[in-house]
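Take a look at the structure below.
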Amino acid sequence: MTKVYSKALNQTINIERFIGKLKSKSNGPSMILTAGIHGNEPAGIFALNQLMEFLKTNNIKIQGNLYAIAGNLPALENGERFHQQDLNRLWTNERMLQLQKGKLEINDKDIAELINLNECINDILSQDTGPFYFLDLHTTSSETMPFVVMNDSLLNRKFTDQYPLPTILGIEEYLEGPLLSYINELGYVAFGFEAGQHDDNSSIQNHFAFSILSLVFAGLIDKNAVDFNKYYATLAKNTMNTRDFYEILYRYKIKPGEDFQMIPGYVNFELIEKGQQLAISNKKPIYADSQARIFMPLYQAQGSEGFFAIQRVSKFALKLSAILRKIRLDRILPLLPGVSWSEGSALRVNRKIARFFTKDFFHLLGYRSKRLDKNFYLMRNRELASREDEYKDESWYSNN
């Protein structure tokens, strides 16, 4: 058993890897809710514990299978983000390939947690028929309205369009090895939910409301079995019913040994002006390069991302990208100079030539880049991996 403490509730609970499981005898979707991938984010753990108790106490029938899974157990027990390595940065293609081959060295507690979580996921995928939904619950070190963060696939867009929440696109270009990027590359609906500040009681409430809505949207529970409007309103009032999509423009990455401090008081989604001081690095000021909105400013000891800058994506751009992806315009990309297929479904792009085609152009077609070296980018397309056929019969798919 692992003891997890909530400062918001001044309460400790005992949990195991599976906070709870509910399985119906009839076929239906499987939803996997994870929380506590970062050990200093207990709100999701408490919300999932409340969720399982709520469903059992009220005898709410489910159609399918529900799994509530705790992430980094040792880090949760100690109230720290991670032990030695960030568990939500370990799910890289290279490391997962080593794991599949049985060659991954277990050199710290975080790697051991990765292996155990991966076994849980693989067991679920092998036992259940799907469709599968992977939702990862998080909180932030700064104040924020609730929001969704996801890899930009049309499948993810369709499902998340049901929530009264803003959505952040493109984080996979900046973070190496998040759990949900790995799941997305397997083709499943998978996205994250950020409920609020780590130790705010409203974060637990937002996680609970989000989980109830998710179960309804995916068809695991009947809308009339719960006070749907109440939980919908909980999220809507905390976001002012904002449904905008935002794209990440910039990330400030903290270097090893760097003394980084955010200027106090920044709130997620706050508008910032060009030249505005945002942080201090090694006693030197850091200024905003352009007008944007600040995203995920770092107000905790652990973490390698100081802050992000984001901007709103127009509805026209979203509609255009959906059309271009559906007609598979990306098939012409290898005909462009400096662009070729690599690793099957990825594109290898010469950076010198690619500068004539903006990142926005590749984003419209569903491609996100990773820098290979000083000369080349590797770009992956989530649409090629999407298991769209497995979700086509779901009610939300045809409604969006």
Side-chain angles (χ1 to χ4, degrees), residues 7 37-41 75 78-90 92 108 110 138-145 147 149 166 168-178 181 192 194 196-200 246-313 351-352 354-355 358-360 363 368-378:
K7 184 178 179 180
I37 294 291
H38 291 137
N40 63 335
E41 301 177 18
N78 294 325
E80 59 188 5
R81 185 176 170 88
F82 52 84
H83 178 57
Q84 288 184 315
Q85 302 184 74
D86 191 330
L87 179 56
N88 207 32
R89 302 293 183 271
L90 297 180
T92 62
D108 62 50
D110 304 302
H138 285 271
T139 49
T140 62
S141 62
S142 62
E143 292 184 26
T144 184
M145 71 172 75
F147 63 92
V149 59
I168 308 298
L169 302 175
I171 201 163
E172 66 267 34
E173 281 193 321
Y174 299 91
L175 302 185
E176 186 73 18
S181 288
E194 301 274 358
Q197 201 274 339
H198 295 327
D199 300 319
D200 193 330
Y246 294 88
E247 183 91 27
I248 295 177
L249 296 175
Y250 172 78
R251 170 190 64 170
Y252 184 90
K253 185 169 178 60
I254 302 172
K255 299 179 179 66
E258 179 179 354
D259 180 16
F260 174 89
Q261 290 182 323
M262 282 296 305
I263 297 296
Y266 279 108
V267 178
N268 234 8
F269 294 93
E270 181 179 340
L271 189 66
I272 54 175
E273 300 292 337
K274 182 177 181 180
Q276 184 174 337
Q277 186 176 357
L278 304 177
I280 300 172
S281 171
N282 297 331
K283 299 182 180 181
K284 294 182 180 179
I286 299 171
Y287 301 103
D289 290 336
S290 61
Q291 185 184 74
R293 293 187 182 275
I294 198 161
F295 178 62
M296 303 281 277
L298 185 69
Y299 289 110
Q300 60 190 24
Q302 291 178 308
S304 58
E305 285 79 38
F307 61 86
F308 295 85
I310 59 174
Q311 70 175 5
R312 182 178 171 274
V313 182
R351 296 182 67 210
K352 292 182 180 179
R355 63 186 175 183
T358 66
K359 272 192 174 183
D360 289 343
H363 290 172
R368 298 284 168 173
S369 66
K370 292 285 185 183
R371 181 172 174 172
L372 284 178
D373 53 41
K374 64 180 181 180
N375 296 317
F376 290 94
Y377 284 121
L378 186 68

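Nearest heavy-atom pair, E143 versus V267, reported as atom, atom and distance to 0.1 Å: O-CG1, 3.3 Å. The shortest non-hydrogen separation linking S281 to I286 is CB-CD1, 3.5 Å. When all heavy atoms of G170 and R368 are compared, the closest pair comes out as CA-NH1, 3.3 Å. Listed here is the closest heavy atom pair of G265 and Y299: N-OH, 3.3 Å. Across every non-hydrogen atom of Q277 and A279, the tightest pair is NE2-O, 3.5 Å. Taking each heavy atom of P297 and M262 in turn, the nearest pair found is CB-CE, 3.7 Å.
No salt bridge links D259 with K283; every basic N to acidic carboxylate O contact stays at or beyond 4.0 Å. Between R89 and E305, at least one side-chain N (NZ, or NE/NH1/NH2) sits under 4.0 Å from a carboxylate O, which counts as a salt bridge. No salt bridge links K284 with E258; every basic N to acidic carboxylate O contact stays at or beyond 4.0 Å.
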Are L249 and D289 close enough, and set up right, to give a side chain to side chain contact (heavy atoms under 4.5 Å, CB included), and what steps lead you there?
CA-CA 10 Å; L249 296 175; D289 290 336; over 6 Å; no

Side chain to side chain contact (heavy atoms under 4.5 Å, CB included) assessment of M145 paired with N268
CA-CA 7 Å; M145 71 172 75; N268 234 8; over 6 Å; no

Could you walk me through whether Y250 and Y174 pass the side chain to side chain contact (heavy atoms under 4.5 Å, CB included) check?
CA-CA 9 Å; Y250 172 78; Y174 299 91; 5.8 Å; no

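Taking CG of L90 as the start and CG of D110 as the end, the distance is 6.5 Å to the nearest 0.5 Å. With rounding to the nearest 0.5 angstrom, the CE atom of M296 is 9.0 Å from the CD1 atom of I168. Atom NE2 of H83 and atom CG of N78 lie 8.5 Å apart (nearest 0.5 Å). Rounding to the nearest 0.5 Å places NE2 of H138 at 10.5 Å from NE2 of H198. To the nearest 0.5 Å, atom CG of residue N88 and atom OG of residue S181 are 8.5 Å apart. Annotation: the span from I310 atom CD1 to F269 atom CZ amounts to 5.0 Å, rounded to 0.5 Å.
Between E270 and R293, every side-chain heavy-atom pair lies at or beyond the 4.5 Å cut-off. I263 is listed as a side-chain neighbour of I280, based on a closest heavy-atom distance under 4.5 Å.
Separation of the F147 and Y246 ring centroids does not fall under the 6.0 Å cut-off. Ring-centre distance between F260 and Y252: below the 6.0 Å cut-off.
Summarising the local packing, NZ of K253 is surrounded by more than 12 heavy atoms from other residues, nucleotides or ligands at distances under 6.0 Å.
Across E273, K274, Q276, a single residue satisfies side-chain hydrogen bond (donor to acceptor under 3.5 Å, both in side chains) together with Q291, and that is E273.
E41 places a side-chain N or O within 3.5 Å of a backbone atom of T139 that can act as its donor or acceptor partner.
In the model, Q300 has no side-chain atom that pairs as donor or acceptor with a side-chain atom of H38 under 3.5 Å.
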